[in-house]
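Beneath this line is the structure, given in structure tokens, with notes to follow.
Protein chains get the first letters and strands the later ones, always in sequence-line order, with residue 1 at the start of each.
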Amino acid sequence: MPNSMIRIERLTKRYGPTEALRSLSFEVPRGQVIGFLGPNGAGKSTTMKILAGYLQPTSGKALVGDVDVAAEPVRARKLIGYLPENNPLYEEMMVVDFLRFIAEVRQVEKSVRAARIRNAVERCGLGGVIGKDISQLSKGYRQRVGLAQAILHEPDLLILDEPTSGLDPNQIVEIRALIKDLGKEKTVILSTHVLSEVQSTCSRVLIINDGQLVADDSPEQLTSAGEGALLVVLASRSGAPLELNHLHSVLSAVPGVTAVEPAEGEGHGTAGFRLRFGVEDPRRALFEAVVKHDLLLLEVRRTQASLEDTFRKLTAGEVRKAA
Amino acid sequence: MESTFAIARREFRTFFGSPIAYIVLGGFLLLAGWLYFSTLFLAGQASLRGFFAAVPVLFVVLVPAITMRALAEERKSGTLELLLTLPMEDWQIVAGKFLAALGMVAAGLVWTFPYALTVAALTGPGTAFDWGPVLAGYLGLLLLAASFIGLGLWGSALSRNQIVGFIVGLVLCFAFAFVDAFAALLPESLGQVLQYLSVNYHFDNIARGVLDTRDLLFYVSLTAVGLLLTTKTLSSARQ
């Protein structure tokens, strides 16, 4: 059994003159839950569509397990469960009929078919609606039907294209929990623009922009890569007005601090600053400096760059181009 | 094969779950019945000749009406993506759609069988009713329908709009039905080519009770061409 579940090698996809993917390469080992991030039009869906065996790549290779998706499409598709963007379903069918249809087309063996359908229905919490027409279901339930359809044949790889888009907060929490649960035994690749989703469900993040990979790391690494900062709020002890320039020079002089930026204070008589620092932790020196200059420290907070910051930094080019 | 049958079954059920099925097949049966009874009562002939002459013309409208949604609807609702990522070849999808449509036509034709039984019952005593041409006629109708379904499916594959699918199918079926209409006015060699291309010409041969491989081959080829074009068009959605 090959170690990597997905291998994308210099994948390029052109739609007419536009290049959706430019020589994209990455690899995903078995068992990981991957978050696939990028602004709209970055090539997330295109990559997933190629991987799922829907689109033909212009050049390059996409392998699932050791099967080339373009060369042996049918064999590759057997290994995959796919939830397309917008989750297209046969509206006029009953949930159970739809799942039975998928099981038949996927040639799930007759002897286990009923059990597999029951299992998918149970895991996706569809028990109460199996006799309903899909057109009558709420968006959350439709999404569950889409997921049930994708896991019915117990695939090794799940490809989920924006599985939580358009759901309400409760539904999002439920679907996320379900994905997390599925991620325990399967390799999952999911795309989203909701960054907190990645933080809560994924062990690794791929950010693509303009058809190219711009980041590939764990969510923790990506958030700490934006280096730490201290948010401080100061007040004068004596009640004398604060002089910002003075405070700025005092803080800049604290050993370890590399940069001082103004930040929001807490209203009248207070001043806020963001202190950037390098390797050395400046907190101890900060306290001493504050006492020495007869100031009051109202707040010290360590902030981390959020995934949003990292994401915006890495994909800023796209925004500029669009503007 | 199982996947193809699953597609066909779903298609067939969906068709009969929608009112279109009853309108289309009802309209067909009404017209076919009217044509049959008008020969029976007005002309006073207990014969199926009028019926067999009329049905191919009705098929020009009926078959595209049956096939128009087959692929256009998948494209429009996005389910084509679902279908094209299931583990089967594109031609298996087309084959499933084809079988379903043929089943729908057959389901309509079954209701015209009583006409044949009436004619058989009305045949004068002493003369045996000849079932040969009747059975051959029905076989011919199915072959003709098959070739029209190929054309109709291609029409449906071309657009996400059912109406466009219907019109393209209608025009193609019409062309193959009436391509020899003016054959008599043309030079003989050209006339013969046009005649060979006409589905009606081959149907008339079969309906006379003469099963010639040339006629069978014609229908099989035309059906195959239609289905191949459909598969090609369907696959081009992957580009």
One should read off an interatomic distance between Leu82(B) CG and Leu86(B) CG, to the nearest 0.5 angstrom, of 5.5 Å
Most contact-rich option vs chain B, by heavy-atom pairs under 4.5 angstrom, among Phe101(A), Tyr15(A), Tyr82(A), Tyr90(A), is Tyr90(A)
With a 3.5 Å distance limit and no angle check, can you tell me whether Arg7(A) reaches the backbone of Glu27(A) through a side-chain donor-acceptor pair? no
Per the side chain to side chain contact (heavy atoms under 4.5 Å, CB included) rule, which among Leu99(A), Val112(A), Ile102(A) passes with Ile117(A)? Leu99(A)
Using the ring of each side chain (for Trp, its six-membered ring), is Tyr36(B) parallel, tilted or perpendicular to Phe51(B), with breaks at 30° and 60°? perpendicular
If I take atom CG from residue Leu24(A) and atom CG from residue Asp210(A), how far apart are they, to the nearest 0.5 angstrom? 11.5 Å
Between Glu2(B) and Lys110(A), does any side-chain N to carboxylate O distance fall below 4.0 Å? no
State, without any angle test, whether Ser3(B) and Gln92(B) hold a side-chain donor-acceptor pair at a distance under 3.5 Å. no
Considering only heavy atoms, which portion of Glu73(B) lies under 4.5 Å from any heavy atom of chain A: side chain, backbone, both, or neither? neither
Should the heavy atoms of other residues, nucleotides or ligands under 6.0 Å from CH2 of Trp131(B) be counted, would the total exceed 12? yes
Using non-hydrogen atoms and a 4.5 Å limit, figure out which bit of Gln56(A) sits close to chain B: side chain, backbone, both or neither. both
Side chain proximity check, Arg10(B) to Met93(A), heavy atoms < 4.5 angstrom: yes
Under a 4.5 Å heavy-atom cut-off, does chain B meet the side chain of Asp97(A), its backbone, both or neither? side chain
Enumerate by number any residue of residues 134-161 of chain A whose heavy atoms lie under 4.5 Å from heavy atoms of chain B; in the absence of such residues, state 'none'. Gln149(A)
Which bit of Thr85(B) comes within less than 4.5 Å of chain A, counting heavy atoms only: side chain, backbone, both or neither? both
Comparing Glu89(B), Glu81(B), Met88(B) against chain A, the one with the most heavy-atom pairs below 4.5 Å turns out to be Glu81(B)
Would you please indicate yes or no on a ring centroid separation below 6.0 angstrom for Phe37(B) and Tyr115(B)? yes
Below 4.5 Å, heavy-atom pairs only: which of Glu92(A), Arg75(A), Arg100(A) has the largest tally toward chain B? Glu92(A)
Under a 4.5 Å heavy-atom cutoff, which of Thr14(B), Leu84(B), Thr79(B), Ile7(B) has the most pairs with chain A? Thr79(B)
Sort out for me which of Lys78(A), Glu91(A), Arg14(A), Arg106(A) touches chain B most, counting heavy-atom pairs under 4.5 Å. Arg106(A)
